[in-house]
Q: 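Questions regarding the structure given below will be posed in turn.
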Protein chains: 2
Amino acid sequence: MDEAETILVADDHPVFRDGLGSLIQSQNPTAAVHTFDAFSDALALARSLPSPPSLFVLDLFFSRKSIKSELPALRREFRRAAIVVVTMSDDTATIDAVMAAGVNGFICKSAPPHQIAAAIAAVRAGEIVTPSPAAGRAPAGGMSTTLSERQLEVLQLIAQGKTNKEIAQDLGLSPFTVRLHVSAMFRSLGVTTRAAAVTKGVSEGIL
Amino acid sequence: MDEAETILVADDHPVFRDGLGSLIQSQNPTAAVHTFDAFSDALALARSLPSPPSLFVLDLFFSRKSIKSELPALRREFRRAAIVVVTMSDDTATIDAVMAAGVNGFICKSAPPHQIAAAIAAVRAGEIVTPSPAAGRAPAGGMSTTLSERQLEVLQLIAQGKTNKEIAQDLGLSPFTVRLHVSAMFRSLGVTTRAAAVTKGVSEGIL
DNA sequence: TGGCCACTAGCACGGTTGTACTAGTGGCGC
DNA sequence: GCGCCACTAGTACAACCGTGCTAGTGGCCA
(Lines give C-alpha, C1' and ligand atoms only; values in the text may rest on other atoms or scores of the structure.)
Protein backbone atom coordinates (compact mmCIF):
# COMPACT_ATOMS: atom_id res chain seq x y z
CA MET A 1 0.00 0.00 0.00
CA ASP A 2 2.80 2.37 0.94
CA GLU A 3 6.27 1.23 0.09
CA ALA A 4 8.48 3.12 2.54
CA GLU A 5 6.26 3.42 5.57
CA THR A 6 8.17 3.76 8.81
CA ILE A 7 7.06 2.98 12.38
CA LEU A 8 9.17 3.95 15.38
CA VAL A 9 8.88 2.21 18.75
CA ALA A 10 10.63 3.61 21.80
CA ASP A 11 10.63 1.88 25.18
CA ASP A 12 13.37 1.44 27.77
CA HIS A 13 12.13 -1.94 28.88
CA PRO A 14 13.87 -4.45 26.53
CA VAL A 15 11.44 -7.33 26.80
CA PHE A 16 8.35 -5.24 26.34
CA ARG A 17 9.99 -3.26 23.56
CA ASP A 18 10.87 -6.33 21.53
CA GLY A 19 7.46 -7.86 22.07
CA LEU A 20 5.80 -4.65 21.03
CA GLY A 21 8.07 -4.33 18.01
CA SER A 22 7.30 -7.79 16.69
CA LEU A 23 3.61 -7.36 17.43
CA ILE A 24 3.51 -4.22 15.35
CA GLN A 25 5.71 -5.71 12.66
CA SER A 26 3.42 -8.71 12.26
CA GLN A 27 0.46 -6.38 12.14
CA ASN A 28 2.09 -4.22 9.47
CA PRO A 29 4.24 -6.54 7.38
CA THR A 30 5.09 -3.92 4.79
CA ALA A 31 6.27 -1.30 7.25
CA ALA A 32 9.78 -0.72 8.47
CA VAL A 33 9.58 -0.99 12.26
CA HIS A 34 12.47 0.47 14.24
CA THR A 35 12.85 0.09 17.99
CA PHE A 36 14.81 2.28 20.40
CA ASP A 37 15.53 2.30 24.10
CA ALA A 38 15.40 6.07 24.34
CA PHE A 39 13.01 8.64 23.00
CA SER A 40 15.82 10.90 21.84
CA ASP A 41 17.21 8.18 19.57
CA ALA A 42 13.84 7.66 17.96
CA LEU A 43 13.46 11.38 17.48
CA ALA A 44 16.90 11.60 15.89
CA LEU A 45 16.08 8.91 13.35
CA ALA A 46 12.67 10.41 12.67
CA ARG A 47 14.32 13.68 11.76
CA SER A 48 16.91 12.02 9.56
CA LEU A 49 14.39 10.11 7.50
CA PRO A 50 13.59 11.31 3.98
CA SER A 51 9.89 11.00 4.74
CA PRO A 52 8.49 11.30 8.25
CA PRO A 53 7.38 8.16 10.10
CA SER A 54 3.71 7.28 10.00
CA LEU A 55 3.49 6.03 13.57
CA PHE A 56 5.24 6.61 16.88
CA VAL A 57 4.71 4.15 19.71
CA LEU A 58 6.28 5.60 22.81
CA ASP A 59 6.73 4.43 26.34
CA LEU A 60 5.97 7.16 28.79
CA PHE A 61 9.50 7.92 29.95
CA PHE A 62 8.28 11.41 30.11
CA SER A 63 8.39 13.19 33.38
CA ARG A 64 5.25 15.09 34.24
CA LYS A 65 6.86 18.19 32.90
CA SER A 66 7.93 16.84 29.53
CA ILE A 67 4.43 15.60 28.86
CA LYS A 68 3.60 19.22 28.49
CA SER A 69 6.65 20.10 26.42
CA GLU A 70 8.23 17.19 24.52
CA LEU A 71 5.00 15.48 23.58
CA PRO A 72 3.26 18.56 22.14
CA ALA A 73 6.53 19.43 20.39
CA LEU A 74 6.59 15.99 18.80
CA ARG A 75 2.97 16.42 17.77
CA ARG A 76 3.77 19.74 16.13
CA GLU A 77 6.89 18.48 14.38
CA PHE A 78 5.18 15.38 12.94
CA ARG A 79 1.69 16.60 12.24
CA ARG A 80 0.89 13.74 9.94
CA ALA A 81 2.16 10.93 12.13
CA ALA A 82 0.02 8.94 14.54
CA ILE A 83 1.36 8.98 18.09
CA VAL A 84 0.54 6.24 20.58
CA VAL A 85 1.71 6.34 24.17
CA VAL A 86 2.17 3.07 26.04
CA THR A 87 2.70 3.20 29.74
CA MET A 88 2.44 1.61 33.17
CA SER A 89 0.79 4.47 34.95
CA ASP A 90 -2.78 4.76 33.77
CA ASP A 91 -4.19 7.18 36.30
CA THR A 92 -6.76 9.62 35.02
CA ALA A 93 -4.56 12.64 35.44
CA THR A 94 -1.80 11.15 33.32
CA ILE A 95 -4.22 10.04 30.64
CA ASP A 96 -5.78 13.47 30.46
CA ALA A 97 -2.41 15.17 30.30
CA VAL A 98 -1.16 12.90 27.54
CA MET A 99 -4.33 13.09 25.48
CA ALA A 100 -4.31 16.84 25.85
CA ALA A 101 -0.92 16.82 24.16
CA GLY A 102 -2.70 15.71 21.00
CA VAL A 103 -1.64 12.09 20.77
CA ASN A 104 -3.85 9.60 18.97
CA GLY A 105 -3.83 6.78 21.47
CA PHE A 106 -3.05 5.80 25.03
CA ILE A 107 -2.50 2.15 25.89
CA CYS A 108 -1.77 0.56 29.23
CA LYS A 109 1.18 -1.84 29.34
CA SER A 110 -0.81 -4.24 31.44
CA ALA A 111 -3.22 -4.78 28.55
CA PRO A 112 -3.11 -8.13 26.76
CA PRO A 113 -1.43 -8.20 23.32
CA HIS A 114 -4.65 -8.46 21.36
CA GLN A 115 -5.94 -5.36 23.09
CA ILE A 116 -2.78 -3.44 22.27
CA ALA A 117 -2.93 -4.67 18.69
CA ALA A 118 -6.56 -3.60 18.31
CA ALA A 119 -5.83 -0.20 19.77
CA ILE A 120 -2.92 0.40 17.42
CA ALA A 121 -4.98 -0.76 14.45
CA ALA A 122 -7.77 1.63 15.40
CA VAL A 123 -5.34 4.51 15.75
CA ARG A 124 -3.79 3.71 12.39
CA ALA A 125 -7.31 3.75 10.97
CA GLY A 126 -7.72 7.29 12.24
CA GLU A 127 -9.46 6.84 15.55
CA ILE A 128 -8.57 8.19 18.96
CA VAL A 129 -8.15 5.48 21.58
CA THR A 130 -8.10 5.87 25.34
CA PRO A 131 -8.16 3.16 28.03
CA SER A 132 -11.05 4.23 30.17
CA PRO A 133 -12.82 7.38 31.21
CA ALA A 134 -11.50 10.48 29.57
CA ALA A 135 -13.41 12.67 27.24
CA GLY A 136 -10.07 14.29 26.44
CA ARG A 137 -10.54 15.82 23.02
CA ALA A 138 -7.66 15.27 20.73
CA PRO A 139 -6.81 17.35 17.68
CA ALA A 140 -4.67 16.44 14.71
CA GLY A 141 -5.02 13.30 12.71
CA GLY A 142 -2.61 10.50 12.04
CA MET A 143 -1.94 9.42 8.54
CA SER A 144 -0.01 6.54 7.20
CA THR A 145 0.57 7.72 3.65
CA THR A 146 2.83 10.52 2.52
CA LEU A 147 2.12 12.62 -0.51
CA SER A 148 4.21 15.37 -1.99
CA GLU A 149 2.87 18.92 -1.90
CA ARG A 150 1.82 18.82 -5.52
CA GLN A 151 0.20 15.45 -5.15
CA LEU A 152 -1.81 16.69 -2.19
CA GLU A 153 -2.91 19.80 -4.09
CA VAL A 154 -3.93 17.67 -7.04
CA LEU A 155 -5.86 15.29 -4.80
CA GLN A 156 -7.75 18.16 -3.19
CA LEU A 157 -8.77 19.52 -6.57
CA ILE A 158 -9.75 16.07 -7.76
CA ALA A 159 -11.98 15.76 -4.70
CA GLN A 160 -13.74 18.88 -5.94
CA GLY A 161 -14.49 17.06 -9.15
CA LYS A 162 -12.12 19.03 -11.33
CA THR A 163 -10.69 17.62 -14.54
CA ASN A 164 -6.99 17.48 -15.24
CA LYS A 165 -7.40 20.47 -17.53
CA GLU A 166 -9.03 22.54 -14.81
CA ILE A 167 -6.43 21.47 -12.29
CA ALA A 168 -3.71 22.50 -14.70
CA GLN A 169 -5.26 25.97 -14.98
CA ASP A 170 -5.69 26.27 -11.22
CA LEU A 171 -2.09 25.35 -10.55
CA GLY A 172 -0.62 27.06 -13.58
CA LEU A 173 0.72 23.84 -15.01
CA SER A 174 0.50 21.88 -18.20
CA PRO A 175 -2.26 19.26 -18.28
CA PHE A 176 0.43 16.72 -19.07
CA THR A 177 2.23 17.52 -15.86
CA VAL A 178 -0.97 17.25 -13.89
CA ARG A 179 -1.47 13.78 -15.26
CA LEU A 180 1.89 12.68 -13.98
CA HIS A 181 1.12 14.03 -10.52
CA VAL A 182 -2.18 12.21 -10.60
CA SER A 183 -0.58 8.93 -11.61
CA ALA A 184 2.16 9.29 -9.00
CA MET A 185 -0.40 10.12 -6.35
CA PHE A 186 -2.44 7.06 -7.29
CA ARG A 187 0.64 4.90 -6.88
CA SER A 188 1.34 6.40 -3.47
CA LEU A 189 -2.20 5.75 -2.32
CA GLY A 190 -2.40 2.35 -3.93
CA VAL A 191 -5.45 3.17 -6.04
CA THR A 192 -6.20 3.40 -9.75
CA THR A 193 -9.12 5.81 -9.96
CA ARG A 194 -9.92 9.33 -8.82
CA ALA A 195 -12.91 8.17 -6.81
CA ALA A 196 -10.88 5.64 -4.87
CA ALA A 197 -8.21 8.28 -4.28
CA VAL A 198 -10.78 10.56 -2.68
CA THR A 199 -12.03 7.74 -0.46
CA LYS A 200 -8.47 6.95 0.54
CA GLY A 201 -7.73 10.59 1.19
CA VAL A 202 -10.72 10.90 3.48
CA SER A 203 -9.89 7.72 5.37
CA GLU A 204 -6.33 8.95 5.82
CA GLY A 205 -7.60 12.22 7.14
CA ILE A 206 -5.86 14.35 4.51
CA LEU A 207 -9.04 15.61 2.90
CA MET B 1 -14.27 -17.25 26.05
CA ASP B 2 -17.59 -16.74 24.29
CA GLU B 3 -19.73 -19.79 23.73
CA ALA B 4 -23.09 -18.04 23.46
CA GLU B 5 -21.93 -14.51 22.81
CA THR B 6 -24.56 -12.19 21.40
CA ILE B 7 -24.08 -8.96 19.47
CA LEU B 8 -26.97 -6.62 18.70
CA VAL B 9 -26.89 -4.13 15.82
CA ALA B 10 -29.61 -1.51 15.47
CA ASP B 11 -29.79 0.91 12.56
CA ASP B 12 -32.73 2.15 10.56
CA HIS B 13 -30.73 2.47 7.36
CA PRO B 14 -31.05 -0.94 5.64
CA VAL B 15 -27.96 -0.87 3.49
CA PHE B 16 -25.70 0.36 6.21
CA ARG B 17 -27.22 -2.00 8.76
CA ASP B 18 -26.65 -5.06 6.62
CA GLY B 19 -23.13 -4.01 5.77
CA LEU B 20 -22.38 -3.37 9.41
CA GLY B 21 -23.92 -6.67 10.43
CA SER B 22 -21.88 -8.74 8.02
CA LEU B 23 -18.76 -6.76 8.88
CA ILE B 24 -19.18 -7.56 12.55
CA GLN B 25 -20.18 -11.15 11.87
CA SER B 26 -17.07 -11.76 9.80
CA GLN B 27 -15.01 -10.17 12.51
CA ASN B 28 -16.63 -12.33 15.20
CA PRO B 29 -17.47 -15.62 13.51
CA THR B 30 -18.49 -17.36 16.73
CA ALA B 31 -20.89 -14.67 17.87
CA ALA B 32 -24.60 -14.50 17.19
CA VAL B 33 -25.14 -11.17 15.44
CA HIS B 34 -28.70 -9.84 15.36
CA THR B 35 -29.72 -6.76 13.41
CA PHE B 36 -32.72 -4.50 14.02
CA ASP B 37 -34.17 -1.45 12.39
CA ALA B 38 -35.31 0.02 15.68
CA PHE B 39 -33.62 0.48 19.01
CA SER B 40 -36.67 -0.72 20.93
CA ASP B 41 -36.62 -4.08 19.13
CA ALA B 42 -32.98 -4.59 20.00
CA LEU B 43 -33.69 -3.68 23.59
CA ALA B 44 -36.59 -6.11 23.75
CA LEU B 45 -34.46 -9.00 22.54
CA ALA B 46 -31.62 -8.04 24.85
CA ARG B 47 -33.98 -8.28 27.82
CA SER B 48 -35.41 -11.61 26.70
CA LEU B 49 -32.02 -13.28 26.37
CA PRO B 50 -30.87 -15.72 29.06
CA SER B 51 -27.49 -13.99 29.21
CA PRO B 52 -27.03 -10.33 28.32
CA PRO B 53 -25.45 -9.35 24.98
CA SER B 54 -21.76 -8.55 24.96
CA LEU B 55 -21.94 -5.73 22.45
CA PHE B 56 -24.47 -3.16 21.28
CA VAL B 57 -23.84 -1.31 18.03
CA LEU B 58 -26.42 1.45 17.76
CA ASP B 59 -27.24 4.04 15.19
CA LEU B 60 -27.92 7.36 16.78
CA PHE B 61 -31.65 7.52 16.28
CA PHE B 62 -31.64 9.19 19.60
CA SER B 63 -32.99 12.61 19.87
CA ARG B 64 -30.89 15.06 21.79
CA LYS B 65 -33.00 14.35 24.85
CA SER B 66 -32.85 10.57 24.77
CA ILE B 67 -29.08 10.74 24.58
CA LYS B 68 -29.35 11.88 28.14
CA SER B 69 -32.01 9.35 29.14
CA GLU B 70 -32.17 6.19 27.02
CA LEU B 71 -28.45 5.84 26.50
CA PRO B 72 -27.46 6.15 30.17
CA ALA B 73 -30.37 3.83 31.01
CA LEU B 74 -29.03 1.23 28.61
CA ARG B 75 -25.62 1.67 30.11
CA ARG B 76 -26.99 1.05 33.60
CA GLU B 77 -29.08 -1.91 32.56
CA PHE B 78 -26.25 -3.69 30.73
CA ARG B 79 -23.23 -2.80 32.77
CA ARG B 80 -21.01 -5.46 31.29
CA ALA B 81 -21.90 -4.91 27.66
CA ALA B 82 -19.83 -2.78 25.31
CA ILE B 83 -21.88 -0.05 23.68
CA VAL B 84 -20.82 1.51 20.39
CA VAL B 85 -22.71 4.37 18.81
CA VAL B 86 -22.55 4.78 15.04
CA THR B 87 -23.90 7.96 13.56
CA MET B 88 -24.01 10.54 10.81
CA SER B 89 -23.58 13.60 12.95
CA ASP B 90 -20.11 13.78 14.38
CA ASP B 91 -20.09 17.28 15.78
CA THR B 92 -18.16 17.76 18.96
CA ALA B 93 -21.23 18.46 21.06
CA THR B 94 -22.87 15.19 20.06
CA ILE B 95 -19.68 13.23 20.63
CA ASP B 96 -19.29 14.72 24.08
CA ALA B 97 -22.90 14.06 25.00
CA VAL B 98 -22.76 10.46 23.84
CA MET B 99 -19.44 9.72 25.47
CA ALA B 100 -20.70 11.28 28.67
CA ALA B 101 -23.48 8.70 28.64
CA GLY B 102 -20.83 6.11 29.28
CA VAL B 103 -20.64 4.34 25.94
CA ASN B 104 -17.43 2.61 24.91
CA GLY B 105 -17.12 3.88 21.39
CA PHE B 106 -18.32 6.48 18.94
CA ILE B 107 -17.91 5.86 15.23
CA CYS B 108 -18.87 8.09 12.35
CA LYS B 109 -20.82 6.45 9.54
CA SER B 110 -18.64 8.20 7.02
CA ALA B 111 -15.71 6.15 8.24
CA PRO B 112 -14.47 3.43 5.87
CA PRO B 113 -15.22 -0.19 6.82
CA HIS B 114 -11.68 -0.97 7.96
CA GLN B 115 -11.82 1.96 10.32
CA ILE B 116 -15.14 0.85 11.74
CA ALA B 117 -13.82 -2.68 12.08
CA ALA B 118 -10.72 -1.50 13.90
CA ALA B 119 -12.75 0.67 16.23
CA ILE B 120 -15.12 -2.15 17.13
CA ALA B 121 -12.20 -4.50 17.68
CA ALA B 122 -10.59 -1.98 20.00
CA VAL B 123 -13.80 -1.51 21.94
CA ARG B 124 -14.26 -5.25 22.29
CA ALA B 125 -10.71 -5.36 23.57
CA GLY B 126 -11.71 -2.95 26.29
CA GLU B 127 -10.67 0.40 24.88
CA ILE B 128 -12.61 3.60 24.56
CA VAL B 129 -12.72 4.88 20.99
CA THR B 130 -13.66 8.33 19.75
CA PRO B 131 -13.37 9.63 16.21
CA SER B 132 -10.56 11.82 15.07
CA PRO B 133 -11.89 15.28 14.23
CA ALA B 134 -9.98 14.99 10.97
CA ALA B 135 -12.60 12.72 9.45
CA GLY B 136 -15.67 13.54 7.43
CA ARG B 137 -17.59 16.70 8.12
CA ALA B 138 -21.30 16.29 8.52
CA PRO B 139 -23.08 19.55 9.18
CA ALA B 140 -26.12 19.15 11.39
CA GLY B 141 -29.48 18.88 9.74
CA GLY B 142 -28.92 15.45 8.28
CA MET B 143 -28.48 14.66 4.67
CA SER B 144 -30.05 17.12 2.30
CA THR B 145 -29.89 14.71 -0.59
CA THR B 146 -31.95 11.61 -1.17
CA LEU B 147 -30.60 8.81 -3.24
CA SER B 148 -32.42 5.68 -4.34
CA GLU B 149 -31.16 2.33 -3.14
CA ARG B 150 -29.47 1.60 -6.43
CA GLN B 151 -27.87 5.00 -6.56
CA LEU B 152 -26.47 4.54 -3.08
CA GLU B 153 -25.11 1.11 -3.92
CA VAL B 154 -23.53 2.49 -7.04
CA LEU B 155 -22.00 5.37 -5.13
CA GLN B 156 -20.52 3.04 -2.55
CA LEU B 157 -18.91 0.93 -5.26
CA ILE B 158 -17.66 4.03 -7.03
CA ALA B 159 -16.03 5.10 -3.79
CA GLN B 160 -14.14 1.83 -3.88
CA GLY B 161 -12.75 2.86 -7.24
CA LYS B 162 -14.73 0.38 -9.29
CA THR B 163 -15.48 0.97 -12.96
CA ASN B 164 -18.98 0.82 -14.37
CA LYS B 165 -18.19 -2.59 -15.77
CA GLU B 166 -17.13 -3.91 -12.37
CA ILE B 167 -20.15 -2.36 -10.70
CA ALA B 168 -22.38 -4.01 -13.28
CA GLN B 169 -20.89 -7.39 -12.44
CA ASP B 170 -21.16 -6.79 -8.69
CA LEU B 171 -24.81 -5.83 -8.95
CA GLY B 172 -25.70 -8.24 -11.72
CA LEU B 173 -26.71 -5.47 -14.11
CA SER B 174 -25.84 -4.32 -17.58
CA PRO B 175 -23.07 -1.70 -17.75
CA PHE B 176 -25.53 0.53 -19.59
CA THR B 177 -27.91 0.42 -16.67
CA VAL B 178 -25.13 1.23 -14.26
CA ARG B 179 -24.31 4.29 -16.33
CA LEU B 180 -27.82 5.58 -15.99
CA HIS B 181 -27.75 5.10 -12.23
CA VAL B 182 -24.44 6.91 -12.13
CA SER B 183 -25.76 9.81 -14.18
CA ALA B 184 -28.95 10.03 -12.12
CA MET B 185 -26.96 9.92 -8.90
CA PHE B 186 -24.70 12.70 -10.17
CA ARG B 187 -27.75 14.84 -10.89
CA SER B 188 -29.12 14.17 -7.41
CA LEU B 189 -25.84 15.14 -5.81
CA GLY B 190 -25.24 18.06 -8.12
CA VAL B 191 -21.89 16.83 -9.36
CA THR B 192 -20.44 15.74 -12.66
CA THR B 193 -17.58 13.44 -11.73
CA ARG B 194 -17.10 10.32 -9.62
CA ALA B 195 -14.52 11.98 -7.44
CA ALA B 196 -16.84 14.86 -6.59
CA ALA B 197 -19.62 12.38 -5.90
CA VAL B 198 -17.47 10.62 -3.33
CA THR B 199 -16.61 13.92 -1.67
CA LYS B 200 -20.26 14.86 -1.60
CA GLY B 201 -21.22 11.46 -0.25
CA VAL B 202 -18.76 11.79 2.60
CA SER B 203 -19.84 15.32 3.45
CA GLU B 204 -23.47 14.19 3.43
CA GLY B 205 -22.58 11.35 5.73
CA ILE B 206 -23.83 8.63 3.42
CA LEU B 207 -20.45 7.01 2.84
C1' DT C 1 -56.89 4.09 -16.16
C1' DG C 2 -53.38 7.25 -16.60
C1' DG C 3 -49.46 9.42 -14.71
C1' DC C 4 -45.26 9.12 -12.26
C1' DC C 5 -41.10 6.99 -10.81
C1' DA C 6 -37.48 3.52 -10.18
C1' DC C 7 -35.28 0.23 -12.68
C1' DT C 8 -33.87 -2.29 -16.64
C1' DA C 9 -31.26 -2.37 -21.57
C1' DG C 10 -29.33 -0.69 -25.50
C1' DC C 11 -26.63 2.66 -29.27
C1' DA C 12 -23.67 6.63 -30.49
C1' DC C 13 -20.41 10.15 -29.65
C1' DG C 14 -17.05 13.35 -27.75
C1' DG C 15 -14.32 14.10 -24.03
C1' DT C 16 -11.56 12.41 -20.21
C1' DT C 17 -8.66 9.32 -17.93
C1' DG C 18 -4.66 6.51 -16.85
C1' DT C 19 -0.40 4.56 -18.42
C1' DA C 20 3.90 3.98 -20.95
C1' DC C 21 7.43 6.04 -22.93
C1' DT C 22 11.19 10.26 -23.33
C1' DA C 23 13.54 14.39 -21.44
C1' DG C 24 15.02 18.51 -19.12
C1' DT C 25 15.68 21.33 -14.48
C1' DG C 26 16.75 22.24 -9.64
C1' DG C 27 17.54 20.70 -4.85
C1' DC C 28 19.75 17.63 -1.42
C1' DG C 29 22.79 14.22 0.53
C1' DC C 30 26.84 11.36 0.23
C1' DG D 1 30.52 15.04 -8.90
C1' DC D 2 26.96 11.62 -8.79
C1' DG D 3 22.69 9.73 -7.72
C1' DC D 4 18.14 10.46 -6.18
C1' DC D 5 13.85 12.77 -6.09
C1' DA D 6 10.31 16.18 -7.05
C1' DC D 7 8.77 18.75 -10.63
C1' DT D 8 8.22 20.21 -15.26
C1' DA D 9 6.56 19.09 -20.50
C1' DG D 10 5.49 16.41 -24.14
C1' DT D 11 3.54 12.23 -27.43
C1' DA D 12 0.74 8.27 -28.20
C1' DC D 13 -2.82 4.96 -27.21
C1' DA D 14 -6.38 2.13 -25.21
C1' DA D 15 -9.82 2.32 -22.13
C1' DC D 16 -13.25 4.49 -19.62
C1' DC D 17 -16.59 8.12 -18.65
C1' DG D 18 -20.75 10.95 -19.01
C1' DT D 19 -24.64 12.38 -21.75
C1' DG D 20 -27.97 12.32 -25.28
C1' DC D 21 -31.35 9.54 -27.31
C1' DT D 22 -35.02 5.31 -27.37
C1' DA D 23 -37.74 1.69 -25.04
C1' DG D 24 -39.73 -1.79 -22.04
C1' DT D 25 -41.29 -3.45 -17.08
C1' DG D 26 -43.34 -3.14 -12.59
C1' DG D 27 -45.06 -0.59 -8.53
C1' DC D 28 -47.67 3.11 -6.46
C1' DC D 29 -51.22 6.54 -6.16
C1' DA D 30 -54.95 9.45 -7.37
Side-chain angles (χ1 to χ4, degrees), chain A residues 1-6 32 44-54 80 143 145-201 206, chain B residues 13-15 143 145-201 206:
Chain A
M1 190 185 292
D2 14 39
E3 26 282 291
E5 182 176 16
T6 310
L45 178 64
R47 285 178 173 150
S48 74
L49 286 173
S51 63
S54 62
R80 300 174 137 189
M143 124 170 165
T145 318
T146 17
L147 297 181
S148 73
E149 285 302 316
R150 272 300 193 222
Q151 290 173 4
L152 188 57
E153 288 176 318
V154 165
L155 176 55
Q156 286 164 346
L157 293 171
I158 281 179
Q160 294 171 25
K162 307 213 173 187
T163 67
N164 290 335
K165 209 181 290 178
E166 291 169 330
I167 294 172
Q169 284 192 334
D170 282 17
L171 298 181
L173 297 176
S174 150
F176 305 102
T177 304
V178 172
R179 293 186 155 200
L180 291 201
H181 288 305
V182 172
S183 281
M185 183 261 292
F186 283 0
R187 238 168 298 141
S188 299
L189 294 179
V191 300
T192 55
T193 69
R194 297 157 103 81
V198 171
T199 301
K200 189 84 181 175
I206 56 184
Chain B
H13 192 165
V15 176
M143 93 180 82
T145 321
T146 334
L147 296 182
S148 72
E149 286 299 317
R150 273 300 194 222
Q151 290 173 4
L152 185 58
E153 288 176 318
V154 166
L155 176 54
Q156 287 165 342
L157 293 171
I158 282 180
Q160 295 171 23
K162 306 211 174 188
T163 67
N164 291 336
K165 208 181 293 177
E166 291 169 331
I167 294 171
Q169 284 193 333
D170 282 16
L171 298 181
L173 297 176
S174 149
F176 302 102
T177 303
V178 173
R179 290 186 160 199
L180 291 202
H181 287 305
V182 172
S183 282
M185 183 260 293
F186 284 180
R187 256 193 308 275
S188 299
L189 293 179
V191 300
T192 56
T193 68
R194 305 176 154 237
V198 171
T199 302
K200 192 83 177 174
I206 55 184

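Order of the sequence lines sets the chain letters (A, B, ...), proteins ahead of strands, with each chain counted from 1.
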Q: Please check if the side chain of T199(A) supplies one atom and the backbone of A159(B) the other of a donor-acceptor pair under 3.5 Å.
A: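 Answer holds: yes.
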Q: Without decimals, in angstroms, what is the distance between K162(B) NZ and dA15(D) C1'?
A: 19 Å
Q: Below 4.0 angstrom, which residues in residues 169-180 of chain B have at least one non-hydrogen atom near DNA chain D?
A: R179(B)
Q: Looking at S183(B), does any N or O in its side chain come under 4.0 Å of the phosphate oxygens OP1/OP2 on dT19(D)?
A: yes
Q: Give a yes/no answer on whether the side chain of H181(A) brings an N or O atom under 4.0 Å of OP1 or OP2 in dT8(D).
A: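 Result: yes.
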Q: Do any side-chain nitrogens or oxygens of N164(B) fall under 4.0 Å of OP1 or OP2 in dC17(D)?
A: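 So the side-chain polar atoms of N164(B) do come within 4.0 Å of the phosphate oxygens OP1 or OP2 of dC17(D), strictly under.
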Q: How many Å lie between CZ on R187(A) and P on dG18(C), as a whole number?
A: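 In whole Å, dG18(C) P and R187(A) CZ are 13 Å from each other.
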Q: Examine dC16(D): is either OP1 or OP2 under 4.0 Å from a nitrogen or oxygen in the side chain of R194(A)? Give yes or no.
A: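 No, R194(A) has no side-chain N/O under 4.0 Å of OP1/OP2 on dC16(D).
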Q: Can you check side chain to side chain contact (heavy atoms under 4.5 Å, CB included) on E166(A) and L157(A), steps first, answer last?
A: CA-CA 9 Å; E166(A) 291 169 330; L157(A) 293 171; over 6 Å; no
Q: Is it the case that the side chain of R194(A) and the backbone of K162(A) share a donor-acceptor pair, with hydrogens and angles ignored and the cut-off at 3.5 Å?
A: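 Present.
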Q: What contact category does E149(A) fall into here, base, sugar-phosphate, or nothing, at under 4.0 angstrom with non-hydrogen atoms?
A: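 Sugar-phosphate contact only - E149(A) comes under 4.0 Å of backbone atoms but never of a base.
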Q: In whole Å, what is the span from the CZ atom of F186(B) to the C1' atom of dC17(D)?
A: 8 Å
Q: What is the minimum heavy-atom distance between H181(A) and L173(A), and which atoms define it?
A: CD2-CD1, 4.3 Å
Q: Under a 4.5 Å cut-off applied to non-hydrogen side-chain atoms, are F176(A) and L180(A) in contact?
A: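 The answer is no; the side chains never approach within 4.5 Å.
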Q: Tell me the interatomic distance from R150(A), atom CZ, to dC7(D), atom P, rounded to whole angstroms.
A: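 Result: 7 Å.
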Q: Tell me the interatomic distance from M185(B), atom CE, to dC17(D), atom P, rounded to whole angstroms.
A: 12 Å
Q: When we call it a touch if two heavy atoms are under 4.0 Å apart, what does S148(B) touch: a base, just sugar-phosphate, or nothing?
A: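 S148(B): backbone/sugar contact only, no base atoms under 4.0 Å.
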Q: Atom NZ of K165(B) to atom P of dC17(D): distance rounded to whole Å?
A: 8 Å
Q: To the nearest 0.5 Å, what is the distance between CZ on R150(B) and CG on L152(B)?
A: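 That separation rounds to 11.5 Å.
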Q: Quickly work out the L189(B) CG to dG18(D) C1' distance and round it to whole Å.
A: 15 Å
Q: Would you call Q151(B) and L155(B) a side-chain contact if the rule is heavy atoms closer than 4.5 Å?
A: no
